[in-house]
Undergrad: 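Quick one: structure below, then a few questions.
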Amino acid sequence: MALFSEHPALEARVASYAAAARSALRAGRDEQGAGGPDSGERAPGAHEIRARWRRMAVLGVLPPLTPPEPGMPAPTPGEPAPPPTESGPDQPDGPDQPDGLDRPDGPAAGAAAPYGEVAGTLAALEGLGLAGVDIGLCYALTSQAFGMQFPLRPWLTAEQRAALAGAAEGDRLLCHALTEAGGGSDPLSMTTRAERRPDGSYVLRGEKRFVTAAPVADTALVFARTGEGRSPFALSAFLVDTAAPGVVRGEPVHKTALTGVPMGGLRLDGVRVAAEARVGEEGAGLAVLTATTTWERALLLGHALGPMRRTLDRTLEWAKSREHFGRRMAASHLVAGRICEMALALYRSRKLLYGVAARLDAGVSVRQVADEAALIKISVTEDHQAFARHAAQLGGVRAFLRDDELAVDLAGPMAGSSYAGPNDLLRITVARQLGLPVPS
């Protein structure tokens, strides 16, 4: 579509990953039969989720935990990500390192690629959604890429990167364990504690709720209290093996949105972790959390771009071919207006998301994008919701038939108002950035 072809190299990458994902989906259906895990006919089990995850991850959509060497091409669709090179921990207080450059076929020797690693990852994930990969799986992959793998790079030691080997290839699933029964938007209210032992290790006790991928994850990034009160240095972050003694997974909760990825709780009953499992220094948990949430707010809604584009394409074809009162449905000014609003919503969303991706690729620090991340998350979420409403109105009853090509997901866009920080609370953040005297 001409509206979305202003960056031919990125468009080629989207198309390449869409084609690779379609092939992977067909292969999955052939392996499992018509009622297999990609059919959407039932809630997938843990084995099926891991199979789906790996089927897409091996295409190379997830970034390595170590930035690639400058000039190293990204994997082409169908190839796993290149293995990371070992290096020591980066300095968390410094600017983000510039990301490697890549394109679908890799840059020519000595040539600069036309976009960076972050934008390339966003395009690959958009391609998955355009191919029809379940939006819950797209969400989970996008969350792991932008909510953990990119933001943790400056914090991880070589030993921690080794412990997380396989994450980029889909062999190790991660989850972000922050929220508790008392809430997640106020991290300094958490009660999960990490008690330091004389040998330097820690014992974790507490319970996390509503953790995406917790029922299937191999490693959890757990935030726990190591200090008292509401000090910004009261929290620390730990990498916890979910198979460790004392880790108890809760049953998956029954969701009405993003059902392709499970959500559940983690109970920590005296879980012992080595000091080497701590991410950053003791008391740096809030800084780690700021990095992960800023990346998430800036780019997590990228999971919606592919499904939005797929819906727009199908709605256009429907409107052009549907006969309505003796004329094509697309000839109606009202129908044309709704389709135009859908295109506007998608166009704005892509501009915002690829714009912030380009800034991060250029080496702009996470701190410098923190303010706009809240605006991006609010804006793209609301455009996603408006887009879905217009699509549902145009599709009529077919929009509510699960297996119809015009079926519309209304719950998923609404859920966007809650994850990665409720939009209403983010509005308070924006108000404070504007200098308004809004109390805590």
Side-chain angles (χ1 to χ4, degrees), residues 17 20-63 80-81 124-125 127-129 131-149 164-177 179 208-221 240-244 247-267 296 300 302-304 306-307 402-403 409 411-412 415 419:
Y17 274 90
R22 290 188 191 102
S23 295
L25 289 173
R26 285 194 296 270
R29 285 191 288 268
D30 290 343
E31 291 171 5
Q32 299 294 331
D38 289 311
S39 69
E41 295 182 2
R42 56 188 172 86
H47 176 75
E48 294 171 355
I49 291 163
R50 295 187 69 91
R52 291 186 186 189
W53 181 279
R54 179 163 173 74
R55 192 175 297 128
M56 296 302 144
V58 295
L59 300 180
V61 298
L62 294 173
L125 291 162
L128 266 56
V133 174
D134 177 84
I135 192 170
L137 180 56
C138 290
Y139 168 87
L141 288 163
T142 307
S143 178
Q144 178 155 319
F146 296 127
M148 297 191 72
Q149 289 182 217
L164 296 176
E169 296 78 21
D171 294 324
R172 180 166 291 274
L173 277 64
L174 313 180
C175 68
H176 191 278
T179 301
K208 300 295 182 178
R209 299 279 187 89
F210 310 126
V211 180
T212 295
V216 295
D218 301 294
T219 303
L221 178 64
V240 178
D241 187 336
T242 56
V247 178
V248 181
R249 302 179 198 259
E251 288 296 316
V253 298
H254 297 289
K255 301 190 295 178
T256 59
L258 303 173
T259 56
V261 59
M263 173 185 285
L266 290 174
R267 193 170 76 247
E296 270 206 316
L300 181 56
H303 82 275
R402 185 186 61 195
D403 297 324
D409 172 25
Y419 53 69

Undergrad: May I ask you to test the L141-L62 pair for a side-chain heavy-atom distance under 4.5 Å?
TA: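 Yes - at least one pair of side-chain heavy atoms lies under 4.5 Å apart.
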
Undergrad: Of the non-hydrogen atoms in P215 and G264, which two are nearest, and what is the gap between them?
TA: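 Result for this residue pair: CD-N, 3.8 Å.
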
Undergrad: For D241, which residues count as a side chain to side chain donor-acceptor pair (under 3.5 Å) partner, sequence neighbours excluded?
TA: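 Result, side chain to side chain donor-acceptor pair (under 3.5 Å) vs D241: none returned.
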
Undergrad: Counting neighbours of CZ on R249 that are heavy atoms of other residues, nucleotides or ligands and sit closer than 6.0 Å, is the number greater than 12?
TA: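 Counting neighbours around CZ of R249, more than 12 heavy atoms of other residues, nucleotides or ligands fall under 6.0 Å, so yes.
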
Undergrad: Supply the atom-to-atom distance D134 CG to L258 CG, rounded to the nearest 0.5 angstrom.
TA: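 Spacing of CG (D134) from CG (L258) equals 8.5 Å.
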
Undergrad: Rounded to the nearest 0.5 Å, how far apart are CE of M148 and CG of L221?
TA: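 Rounded to the nearest 0.5 Å, the CE-CG separation comes to 4.5 Å.
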
Undergrad: Taking side-chain contact (heavy atoms from CB on, under 4.5 Å) as the definition, give me every residue that meets it alongside T212, ordered by chain and number, with sequence neighbours left out.
TA: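 T212: side-chain contact (heavy atoms from CB on, under 4.5 Å) contacts with Y139, V261, M263.
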
Undergrad: To the nearest 0.5 Å, what is the distance between CD (Q144) and NE2 (H176)?
TA: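 Result: 12.0 Å between the selected atoms.
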
Undergrad: Which atom names give the shortest non-hydrogen contact between R172 and L164, and what distance separates them?
TA: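 Taking every non-hydrogen atom into account, CD-CA, 3.7 Å.
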
Undergrad: Taking T142 for the side chain and C138 for the main chain, is one N or O donor matched with an acceptor at less than 3.5 Å?
TA: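 Here the side-chain-to-backbone pair exists.
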
Undergrad: Please tell me if the side chains of K208 and T179 come closer than 4.5 Å, counting only heavy atoms from C-beta onward.
TA: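 No, every pair of side-chain atoms sits at 4.5 Å or beyond.
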
Undergrad: Are side-chain heavy atoms of L300 and F146 found at a separation under 4.5 Å?
TA: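 With C-beta onward as the side chain, the pair stays apart.
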
Undergrad: Restricting to non-hydrogen atoms, name the atom on A415 and the atom on A257 that form the minimum distance, rounded to 0.1 Å.
TA: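 Shortest heavy-atom contact: CB-CB, 3.9 Å.
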
Undergrad: I need the C175 SG to L266 CG distance, nearest 0.5 Å.
TA: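 It is 5.0 Å, given to the nearest 0.5 Å.
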
Undergrad: How many angstroms lie between OG1 in T219 and CG in L173, if you round to the nearest 0.5 Å?
TA: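 Here the interatomic distance stands at 9.0 Å.
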
Undergrad: Looking only at non-hydrogen atoms, find the nearest pair between G170 and A57 and report the distance.
TA: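 The answer is CA-CB, 3.5 Å.
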
Undergrad: Roughly how far, to the nearest 0.5 Å, is CE of M56 from CG of L128?
TA: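 So the gap between those two atoms works out to 5.5 Å.
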
Undergrad: With no hydrogens and no angle check, is any side-chain donor or acceptor of E296 less than 3.5 Å from a backbone partner on G147?
TA: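 Between the backbone of G147 and the side chain of E296 there is no qualifying donor-acceptor contact (under 3.5 Å).
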
Undergrad: Which atom names give the shortest non-hydrogen contact between D409 and I135, and what distance separates them?
TA: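 So the two residues come closest at OD2-CG2, 3.9 Å.
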
Undergrad: Run the salt-bridge test on D218 and R50 with the 4.0 Å N-O cut-off and return the result as yes or no.
TA: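 Counted as a salt bridge, because a side-chain N and a carboxylate O are separated by less than 4.0 Å.
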
